Amino acid sequence: MTNKKDAFVKVPLWWAEAATKATKSPAALFLIYLLHASWKARGTTFPLPNGYLKQQGVSRDVKRRMLRDLETAGLITIERRGRKSPLITLVVI
């Protein structure tokens with residue numbers, strides 16, 4: 001039997017984008033995008049620019065709020081770098 005921590009799902013980004021638009025829930029796409037960015041960076045630390053998220057309807061305000069909530073929950077750490085994209089690190093327990 002699979003441990004809940006080890007379970008995962010493969011989600012195509014086009015599906016997540018469509019679901020986000022259908023449910024008017026940019027937070028869902030944001031969470032999936034964090035995992036995708038980590039996979040793409042081949043590590044748990046990666047920059048998080050606004051470009052892709054903005055194209056998908058995720059505002060800077062939603063991004064800021066989600067980052068704050070995830071950091072408060074201990075799921076990520078953030079290195080804020082002034083006018084550069086923040087560096088996000090997924091906390092792997």
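In what follows, every heavy atom counts, from backbone to side chain, and hydrogens, waters and symmetry copies are set aside. Predicted model only: the values in this text are computed from it and were never measured.
- Sorted by first and then second residue, the ring-ring contact (aromatic ring centres under 6.0 Å, His included) pairs with a member in residues 68-89 form an empty list; sequence neighbours excluded.
- For the atom pair CD1 (I88) and CG (L70), the distance works out to 9.0 Å, reported to the nearest 0.5 Å.
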request  = Take V91 and L75 through the side-chain contact (heavy atoms from CB on, under 4.5 Å) test and state the conclusion after the steps.
outcome  = CA-CA 5 Å; V91 174; L75 296 172; 5.6 Å; no
Run the side-chain donor-acceptor check on residues 39-51: report pairs under 3.5 Å with partners two or more places apart or on a different chain.
from: T45; atom 1: OG1; to: T89; atom 2: OG1; distance (Å): 2.8
from: N50; atom 1: OD1; to: K63; atom 2: NZ; distance (Å): 2.7

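- Pairs engaging residues 72-92 under the ring-ring contact (aromatic ring centres under 6.0 Å, His included) rule: none recorded [sequence neighbours left out].
- With values rounded to the nearest 0.5 angstrom, Q55 atom CD is found 9.5 Å from L53 atom CG.
- Listed by first and then second residue, the side chain to side chain donor-acceptor pair (under 3.5 Å) pairs that reach into residues 17-30 are E17-Y52, sequence neighbours excluded.
- Applying the ring-ring contact (aromatic ring centres under 6.0 Å, His included) test to F30 and every residue at least two apart in sequence or in another chain returns nothing.
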Report, one line per pair, each donor and acceptor closer than 3.5 Å where one atom sits in a side chain of residues 77-87; sequence neighbours left out.
from: R80; atom 1: NH2; to: E71; atom 2: OE1; distance (Å): 3.1
from: R81; atom 1: NE; to: S85; atom 2: O; distance (Å): 2.8
from: R81; atom 1: NH2; to: S85; atom 2: O; distance (Å): 2.8

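- R64 meets the salt bridge (charged side-chain N to carboxylate O under 4.0 Å, His left out) test with D61; sequence neighbours excluded.
- Evaluation of the side chain to side chain contact (heavy atoms under 4.5 Å, CB included) rule for W15 yields V11, P12, A19 as partners, not counting sequence neighbours.
- I76 contributes atom CD1, which lies 9.0 Å from atom CE of M66 (distance to the nearest 0.5 angstrom).
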